[in-house]
Amino acid sequence: MNLFSLEGKIALVTGGAHSIGYAIGVGLAQAGATVCFNCSNEESCERGIAAYKEAGIDVHGYVADVTDEAAMQALVERIREEVGVIDILVNNAGIIKRIPMTDMSVEDFTKVIDVDLVAPFICSKAVIPGMIEKGHGKIINVCSMMSELGRETVSAYAAAKGGLKMLTRNICSEFGGANIQCNGIGPGYIATQQTAPLRERQPDGSRHPFDQFIISKTPAGRWGTTDDLIGPAVFLASDASDFVNGHILYVDGGILAYIGKQP
């Protein structure tokens with residue numbers, strides 16, 4: 001199945017040192033890609049390099065702010081000089097601030113928009129000329145359930161991820177003729193270190209209320225894992241998806257297909 005091979009490809013995963021970005025980076029490397037990633041600080045970058053090394057993967061780690069256009073243009077040029085022209089971009093870096101809308105400052109709202117929506121625009125803009133030059137390219141935007149659904153306290157995040165869905169479609173519309181495919185992955189609720197407290201059993205053995213809520217809304221009956229995202233990412237990064245463009249692939253255990261259990 002050479003369609004899924006990434007041999008000879010160069011990938012950049014933003015925020016690729018941990019969690020979802022790390023899992024996708026490992027998956028792309030295991031499929032044959034040379035993986036580069038960036039972090040916002042040196043400490044995180046070093047931890048990321050060590051984690052990849054422990055997994056038997058040589059990577060190229062860099063420190064760069066995804067919201068700084070000049071810095072990302074310089075990073076893409078540095079990767080071109082040190083590794084080669086980028087074939088695959090995964091716009092993974094993101095933040096969330098869970099604050100009720102009427103309590104949220106404009107500064108906090110704007111920060112989320114900058115990292116979760118403006119940064120993917122900046123990074124995509126930086127790599128597209130090289131992809132056009134090469135004659136092909138893959139851009140994968142890490143979207144969210146909040147690209148489709150709202151929820152209390154996440155107004156900025158939902159606005160950003162909804163915008164990222166439409167940015168995905170517009171990149172497809174504008175650059176599909178240059179053989180660039182831009183698609184999104186929409187993770188469902190993923191078991192990570194950050195969500196671990198929400199999944200701990202209560203003293204009486206019952207599930208945490210939020211854990212109960214997620215399980216009841218997920219036909220698969222479980223949280224996703226970061227490994228659940230590897231196959232979809234490799235598919236969207238590979239030749240197997242050459243006629244797939246402008247789509248969001250939701251990896252959610254079926255949440256978006258399901259209205260919930262009848263009382």
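Note: Arg78 CZ to His60 NE2 = 11.0 Å, rounded to the nearest 0.5 Å. Taking CD of Gln212 as the reference point, atom OG of Ser206 lies at 6.0 Å (rounded to 0.5 Å). Atom CE of residue Met166 and atom SG of residue Cys143 lie 11.0 Å apart, to the nearest 0.5 angstrom. Summarising the geometry, atom CG belonging to Leu75 is positioned 8.0 Å from atom SG belonging to Cys123; distances are rounded to the nearest 0.5 Å. A distance of 14.0 Å separates CD1 of Ile49 from CD of Glu54, quoted to the nearest 0.5 Å. If you take CD on Gln30 and CD1 on Ile57, they are separated by 5.0 Å, rounding to the nearest 0.5 Å.
Atom CG of Asp103 sits in a crowded spot, with more than 12 heavy atoms from other residues, nucleotides or ligands closer than 6.0 Å. Within 6.0 Å of the CD atom in Glu82, the count of heavy atoms belonging to other residues, nucleotides or ligands exceeds 12.
In the hydrophobic cluster analysis, where Ile, Leu, Val, Met, Phe, Trp and Tyr join through side-chain heavy atoms closer than 4.5 angstrom, Val85 is grouped apart from Val127. Ile171 and Val118 end up in the same hydrophobic cluster when Ile, Leu, Val, Met, Phe, Trp and Tyr side chains are linked at under 4.5 Å. Under the 4.5 Å side-chain heavy-atom criterion for grouping Ile, Leu, Val, Met, Phe, Trp and Tyr, Leu236 is connected to Leu28 within one hydrophobic cluster. Under the 4.5 Å side-chain heavy-atom criterion for Ile, Leu, Val, Met, Phe, Trp and Tyr, Ile132 and Leu167 are members of the same hydrophobic cluster. Cluster membership check: Leu149 shares its hydrophobic cluster with Tyr250, using side-chain heavy-atom separations under 4.5 Å among Ile, Leu, Val, Met, Phe, Trp and Tyr.
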Using ring pair (Phe, Tyr, Trp, His ring centres under 6.0 Å), reason through Phe37 and Tyr22 one step at a time and then give a plain yes or no. CA-CA 9 Å; Phe37 74 90; Tyr22 170 75; 8.7 Å; no
Stepwise side-chain contact (heavy atoms from CB on, under 4.5 Å) check, Ile88 with Ile139: CA-CA 6 Å; Ile88 302 157; Ile139 298 174; over 6 Å; no
Verify side-chain contact (heavy atoms from CB on, under 4.5 Å) between Ile20 and Asn92, making sure each step is shown before the conclusion. CA-CA 8 Å; Ile20 289 173; Asn92 166 75; 3.6 Å; yes
Test side-chain hydrogen bond (donor to acceptor under 3.5 Å, both in side chains) applied to Thr14 and Asn38, step by step: CA-CA 5 Å; Thr14 67; Asn38 80 295; 4.7 Å; no
If you apply the rule side-chain contact (heavy atoms from CB on, under 4.5 Å), what do you find for Cys36 with Val13, and how did you get there? CA-CA 6 Å; Cys36 307; Val13 182; over 6 Å; no
Stepwise, does the salt bridge (Lys or Arg N to Asp or Glu O under 4.0 Å) test hold for Lys125 with Glu69? CA-CA 9 Å; Lys125 180 182 173 183; Glu69 182 173 10; 2.8 Å; yes
Go through it in stages, so that I can follow the logic: the residues are His136 and Gln181, the test is side-chain contact (heavy atoms from CB on, under 4.5 Å), and I'd like the CA-CA distance, side-chain angles, deciding distance and then a yes or no. CA-CA 8 Å; His136 65 84; Gln181 290 83 50; over 6 Å; no
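For the pair Ile79 and Tyr62, the minimum side-chain heavy-atom distance is below 4.5 Å. Contact check for Arg98 versus Glu152: no side-chain heavy atoms found under the 4.5 Å cut-off. Inter-residue side-chain proximity for Asp116 and Tyr157 is flagged as met; some heavy-atom pair is nearer than 4.5 Å. Residues Met104 and Met101 form no side-chain contact, since every pair of their non-hydrogen atoms from C-beta on lies 4.5 Å or further apart. For the pair Val66/Ile122, no side-chain contact is recorded, criterion being any heavy-atom separation below 4.5 Å from C-beta on. Using a 4.5 Å cut-off on side-chain heavy atoms (C-beta onward), Ile95 and Lys111 make contact. Annotation: side chain of Asp252 is not in contact with side chain of Pro187 (no heavy-atom distance under 4.5 Å). Within the 4.5 Å cutoff, the side chain of Gln202 has heavy atoms near those of the His208 side chain.
Annotation: salt bridge (Lys or Arg N to Asp or Glu O under 4.0 Å) contacts of Lys134 (sequence neighbours excluded): Asp87.
Judged by distance alone, the side chains of Ser124 and Asn91 do bring a donor and an acceptor atom under 3.5 Å apart. Using a 3.5 Å distance cut-off with no hydrogens or angles, the side chains of Thr195 and Arg199 do pair a donor with an acceptor.
Using the six-membered ring where Trp is involved, Phe210 and Tyr189 have ring planes that are perpendicular, over 60° apart on the 30 and 60° scheme.
Note on Lys97 versus Glu107: no salt bridge recorded, every NZ/NE/NH1/NH2 to OD/OE distance being 4.0 Å or above.
Counting only residues at least two apart or in different chains, salt bridge (Lys or Arg N to Asp or Glu O under 4.0 Å) contacts with residues 17-43 comprise Glu43-Arg47. Legend: salt bridge (Lys or Arg N to Asp or Glu O under 4.0 Å) pairs involving residues 211-237, not counting sequence neighbours, sorted by first then second residue: Arg207-Asp211, Arg222-Asp228.
Looking at Asp242, Asn183, Leu89 one by one, the single match for side-chain contact (heavy atoms from CB on, under 4.5 Å) with Lys138 turns out to be Asp242.
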